[in-house]
Amino acid sequence: MQFESGILVLVFLILALFIGALTRHVLKNTQIPYTVALLVIGICIGLAQRGDVFSGDAQMVGDTLALVADIDPHLFLFLFLPTLIFESAFAMEVHLFRRMFTQIAILAVPGLMLAIWLTAELLHMSVPEHWQWSWAMCLMFGALISATDPVAVVALLKEVSSRKRLETLIEGESLLNDGTAIVFFSLFYVWVLASSGGEGAMMASPLQAVGQFAGVVLVGLAIGLVLGGLCIIWIDRVFNDPMIEITLTIAAAYSAFFISESFHVSGVVAVVTLALVLASVGRTRISPEVAGFLHHFWEMMAHIANTCIFLLVGILVAIRVPLDDLQAWQTLGILYVGIMLIRATSITVFTPLLSRIGVGITFEKASVLCWGGLRGAVSLALALTVAASEAIPKEISDRMLFLCAGIVVLTILINGGTMGVLLKFLRLDSLPPAKQATVDKANQQVANTLQTMLPTMMDSPFLRGADWQQVKTQVKLGAMAQTDADAPIDQSDLDTAFLRRLLETERKHYWTQFEQGTLGKRATNLLVEAVELALDGEPCIGQRDSLLATWQVPGWLERMRGIAWLERTLLRLYFERLVVGYDVARGFIQAQEALESHIDTLSPNAQIATQVRQQVQDNMAQTIARINELQETFPDIVQALQSQAAIRLLLNRERAVIKEQLKLAVLDKPEASRLLEDVEKRMAALQQVSIFRQTEAAQLDQQIPWLHGVTQSTREQISSCQERGIYDVGQVLIRQGKALNKLGVIYRGSVREVVAGKQGNSQVVVRGPGETLGITALLTGSSALDYLAETPCEVVWIPVDKLKALMQEDPTLMYILCQQLAQR
């Protein structure tokens with residue numbers, strides 16, 4: 001019975017998923033990497049197909065394997081690569097990637113270039129003369145075989161230890177060198193075609209090649225940024241709709257790759273950029289309720305892609321690669337040993353530099369980088385592209401496919417299969433001792449909690465007959481309470497691990513506040529960035545300079561003051577900064593309170609606990625002082641913010657109660673859906689409410705109390721031309737002697753008026769709400785004094801020209817202002 005190719009592809013997918021599920025189940029509690037096992041299974045299936053095992057009743061399986069063995073290399077890249085790259089970059093800790101970017105870039109660009117050149121040299125010396133491989137072919141093969149694919153290594157690292165920096169370095173290098181390798185492969189591929197007389201192929205000069213490389217990378221970067229920005233804008237307008245938000249990320253990832261490759265630029269760079277934009281700026285734009293689901297979805301997508309890829313690679317290698325060429329086998333052996341030495345050389349050359357930048361690098365980590373340079377799907381897809389080219393002789397392309405497939409299989413089987421042994425030898429197969437000590441502390445707390453439950457459980461009439469000795473043994477209460485104190489741990493390492501654990505707890509608390517709706521998007525980003533900055537290098541619980549900066553007006557914003565057509569925009573920016581500053585302060589206080597509750601539980605000794613507690617209390621005191629300033633000066637803003645937070649909390653609670661009732665079948669699904677839809681409409685509407693518009697509509701009488709006696713027409717005209725300015729503590733409003741064409745009235749807060757004395761002494765007067773600033777500008781057109789913000793304050797400014805014209809029309813206004821001048 002004949003089947004259409006679409007049906008056969010579906011059959012392969014079904015078989016792959018069944019084999020993957022069975023393999024994962026069998027490998028539970030073993031040290032064998034999942035991808036290595038799949039590759040071996042794929043090779044066995046491919047050899048069985050080669051031996052005509054799948055015939056007769058199993059003909060459909062044979063037809064399926066024959067079809068997938070002839071897969072289009074471009075389909076291979078376009079189908080699997082965007083998923084793997086996006087998931088890997090999206091799951092990465094962006095602050096670590098940013099901090100280690102220089103190290104990653106050195107390994108992925110100059111490191112890869114050195115590896116390509118050395119591999120080409122090795123090939124030029126080792127391949128038999130009758131193979132007739134030109135320099136261009138050696139360089140092209142060097143480019144395609146240098147792309148690393150450390151899936152098995154990273155998966156093993158995540159299983160046996162939690163070493164985020166090493167994982168980020170390995171994954172980051174792989175992501176960037178995939179893109180670099182594809183770019184260089186394309187350049188050398190064109191050179192090969194030009195050497196072979198390929199139609200329309202021209203060899204680029206070295207200068208042109210450098211320009212092409214830069215263009216390919218930069219345009220790919222731009223495409224990723226643009227698509228990421230558009231995706232964020234769209235997602236920001238969606239509220240808690242996983243179908244839309246997840247669909248957008250899928251469409252954006254594949255679009256970034258497809259558009260980039262269509263313009264002959266780096267699709268890998270575009271997808272990496274897109275994923276990093278969504279993982280950083282976009283993290284607070286994605287609905288909190290969707291974020292976890294989104295990460296799980298992409299993990300599942302990557303798992304399916306890896307299952308299909310490694311099974312497919314094994315089948316392709318076993319079916320398509322010629323196995324009867326002895327010289328090819330000898331060359332493969334030389335090449336495998338050679339690329340391992342080349343990998344070690346390229347890392348060793350740059351180690352002195354790598355150890356001095358980023359997070360540094362140790363011998364142990366460098367060893368994992370060397371041995372973990374596995375080759376995978378990208379290399380094989382590029383080799384298949386060569387095999388599919390009619391411009392390259394079939395004999396040459398078959399040998400390239402054989403060597404590439406052989407290196408992929410050997411690195412995955414030998415390097416991937418023995419990585420666990422290497423990690424154990426280097427003592428990287430477990431947590432660092434100091435970090436393990438903090439885990440032991442947490443386990444001790446868990447054990448204590450369970451121990452306190454036992455007496456109540458033993459008194460329960462439904463549990464009295466239990467064999468409590470067996471219960472304790474099965475639950476491992478005794479083992480849980482024990483800690484490994486055999487190896488001495490340096491006290492400074494213990495202190496550092498303790499501080500890092502606290503900072504990670506603090507960061508998690510900010511995301512919890514964001515999910516609960518008590519912390520805004522910008523405030524969450526700022527607070528998380530502050531924690532990540534504190535985590536970099538020596539961890540710091542004390543004063544956070546980056547948070548202090550959010551409470552101050554930036555210099556660039558202050559320098560733009562006075563530009564008439566920007567006044568409205570600047571006011572909004574000042575106002576939004578004020579709102580974010582309050583949100584940051586409130587969220588920071590709540591996190592510090594939570595942090596304080598973990599100090600005694602996790603601290604390795606009383607001394608560090610006392611120091612950290614004092615730092616936390618100092619943080620809280622400083623932040624409370626800032627909140628009190630804002631509450632005194634801008635009570636309406638603080639009230640509006642607190643009202644929004646209360647509404648968000650109640651709406652979140654309402655939604656949780658409805659979901660709980662749905663679980664208990666108190667509500668049917670249609671009824672619960674309608675109620676949830678109503679709650680989420682109110683939550684979405686709350687996000688659109690502007691604190692700026694809410695508090696801007698203050699009455700003129702409140703802003704300028706001394707205008708009570710003027711005519712209605714005068715009041716309306718002043719209202720139409722007034723401007724508002726918000727100033728932070730210590731900020732200069734007006735400098736003595738500077739030109740001044742407007743008169744100010746303090747609406748909120750207080751301003752310090754500095755009067756210069758005769759012998760260099762100065763007299764300070766503090767002005768409050770309703771008082772006038774710069775009254776002498778009516779006569780002189782300049783400021784006679786210095787005015788500085790004593791507290792955060794808001795000032796209403798009225799143009800002097802307008803006031804002079806109104807004074808001619810309204811005698812009462814003339815009298816009031818003359819009185820103000822006389823008093824000064």
Residue that, paired with Arg375, satisfies side chain to side chain contact (heavy atoms under 4.5 Å, CB included) out of Ile412, Leu410, Ile339: Ile339

Heavy-atom closest pair, residues [X] and [Y]:
X      : Y      : result
Ile246 : Thr249 : O-OG1, 2.6 Å
Thr23  : Ala37  : CG2-CB, 3.8 Å
Ser174 : Thr148 : OG-O, 3.0 Å
Leu354 : Gln103 : O-NE2, 2.9 Å
Ile347 : Ala366 : CG2-CB, 4.3 Å
Leu84  : Ala302 : CD2-O, 3.9 Å

Under the 3.5 angstrom rule, does the side chain of [X] hit a backbone N or O of [Y] as a donor-acceptor pair?
X      : Y      : answer
Thr362 : Lys365 : yes
Thr411 : Leu374 : no
Arg613 : Glu596 : no
Asn240 : Glu289 : no
Asn177 : Leu112 : no
Ser355 : Pro352 : yes
Thr83  : Met301 : no
Glu506 : Val531 : no

Stepwise, does the side-chain contact (heavy atoms from CB on, under 4.5 Å) test hold for Leu176 with Phe101? CA-CA 10 Å; Leu176 291 194; Phe101 179 76; 3.9 Å; yes

Does a side-chain heavy-atom distance below 4.5 Å link [X] with [Y]?
X      : Y      : value
Phe310 : Asp149 : yes
Gln611 : Asp495 : no
Thr351 : Phe363 : no
Trp371 : Ile414 : yes
Leu81  : Val271 : no
Leu533 : Glu529 : no
Leu39  : Leu413 : yes
Gln642 : Tyr582 : yes

Point-to-point distance, once rounded to the nearest 0.5 Å, from [atom1] of [X] to [atom2] of [Y]:
X      : Y      : atom1 : atom2 : answer
Ile589 : Arg626 : CD1   : CZ    : 13.0 Å
Arg165 : Ile361 : CZ    : CD1   : 12.5 Å
Gln615 : Gln617 : CD    : CD    : 11.0 Å
Glu504 : Glu532 : CD    : CD    : 10.5 Å
Ile85  : Asp178 : CD1   : CG    : 5.5 Å
Leu38  : Leu27  : CG    : CG    : 8.0 Å

Does either side chain, that of Asp618 or that of Gln614, offer a donor lying less than 3.5 Å from an acceptor on the other one? yes

Could you check whether His509 and Gln513, counting side-chain N and O atoms only, form a donor-acceptor pair closer than 3.5 Å? yes

On the 0 to 90° scale, with breaks at 30° and 60°, tag the Trp511-Phe514 ring pair as parallel, tilted or perpendicular. perpendicular

Determine the interplanar angle of the Phe86 and Trp298 rings, folded into 0 to 90°, and report it as parallel if under 30°, tilted if 30 to 60°, perpendicular if over 60°. tilted

For Arg500 and Leu535, what are the C-alpha separation, side-chain angles and deciding distance, and is it a side-chain contact (heavy atoms from CB on, under 4.5 Å)? CA-CA 6 Å; Arg500 286 189 178 281; Leu535 276 166; 3.9 Å; yes

Of all pairs that satisfy side chain to side chain donor-acceptor pair (under 3.5 Å), the ones with a partner from residues 270-286, not counting sequence neighbours: Thr284-Asn525

CA sep, side-chain torsions, deciding dist, call: Val612, Ser603, side-chain contact (heavy atoms from CB on, under 4.5 Å): CA-CA 9 Å; Val612 170; Ser603 63; over 6 Å; no

Evaluate the side-chain contact (heavy atoms from CB on, under 4.5 Å) criterion for residues Val268 and Leu175: first the C-alpha distance (whole Å), next the side-chain angles of each, then the deciding distance (0.1 Å), finally the verdict. CA-CA 7 Å; Val268 173; Leu175 287 171; 5.6 Å; no

Would Glu173 and Arg343 pass as an ion pair if we require N to O under 4.0 Å? yes

Is the closest basic N to carboxylate O distance between Arg507 and Glu93 below 4.0 Å? yes

Tell me whether Met113 at atom CE has more than 12 heavy atoms from other residues, nucleotides or ligands lying less than 6.0 Å away. no

